[in-house]
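Here is the structure we will look at, set down as structure tokens.
All values derive from a computational prediction rather than experimental measurement.
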Amino acid sequence: MTDTEYRYDTQLLIEGTDLSEDEIHDYLMNEIPGDCLIAVGDEELIKIHYHTNTPWKVLEYCASKGEIFDIVVEDMDRQSRGLQG
């Protein structure tokens, strides 16, 4: 294992209506432990990038806000050991 506290680099896009960067950012920071959060976009499309140990919780929450796609979950521990996936 590495010294990385949060193992999974989770990235996705949310497409919907009346999306709020601030609301999504605040929910993720307060309810799902992680770091390096980026939530940028507009009312119809938001890009999420988040390091967490529970990427399925991020996906579940984001899916409740709209359609999610371009989903990437990378295991940073495996990457640091030179492994794929």
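Screening residues 40-59 for ring pair (Phe, Tyr, Trp, His ring centres under 6.0 Å) gives His49-His51 as the qualifying pairs, with residues at least two apart or on separate chains. Every pair tested for salt bridge (charged side-chain N to carboxylate O under 4.0 Å, His left out) that includes a residue from residues 27-56 fails, sequence neighbours excluded, so the list is empty. Applying the salt bridge (charged side-chain N to carboxylate O under 4.0 Å, His left out) test to every pair with at least one member in residues 57-68, sequence neighbours left out, gives these pairs: Glu23-Lys65. Applying the ring pair (Phe, Tyr, Trp, His ring centres under 6.0 Å) rule to pairs touching residues 7-40 yields Tyr27-Tyr61, sequence neighbours excluded.
Two residues are said to be in side-chain contact when any heavy atoms from C-beta on lie closer than 4.5 Å; Ile48 and Thr10 fail this criterion. At least one side-chain heavy atom of Thr52 sits under 4.5 Å from a side-chain heavy atom of Pro55.
In this structure, Tyr6 is not a member of the same hydrophobic cluster as Ile24, with clusters built from ILVMFWY side-chain heavy atoms closer than 4.5 Å.
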Open item on the list: side-chain contact (heavy atoms from CB on, under 4.5 Å), that's the test. Do Val58 and Leu12 meet it? Break it down for me.
Closed with: CA-CA 10 Å; Val58 175; Leu12 61 107; 4.2 Å; yes

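The side chain to side chain donor-acceptor pair (under 3.5 Å) check on Ser64 picks up nothing, with sequence neighbours excluded.
The other residues sharing a hydrophobic cluster with Val40 are Ile38, where clustering joins ILVMFWY side chains under 4.5 Å apart. In the hydrophobic clustering, where aliphatic and aromatic side chains (Ile, Leu, Val, Met, Phe, Trp, Tyr) are joined below 4.5 Å either directly or transitively, Leu45 groups with Leu13, Phe69.
In this structure, the separation between CD1 on Ile14 and CD1 on Ile71 is 10.0 Å, given to the nearest 0.5 Å. For the atom pair CG (Leu19) and CD1 (Ile46), the distance works out to 4.5 Å, reported to the nearest 0.5 Å.
Using modelled atom types, no side-chain atom of Asp77 and backbone atom of Arg7 make a donor-acceptor pair closer than 3.5 Å.
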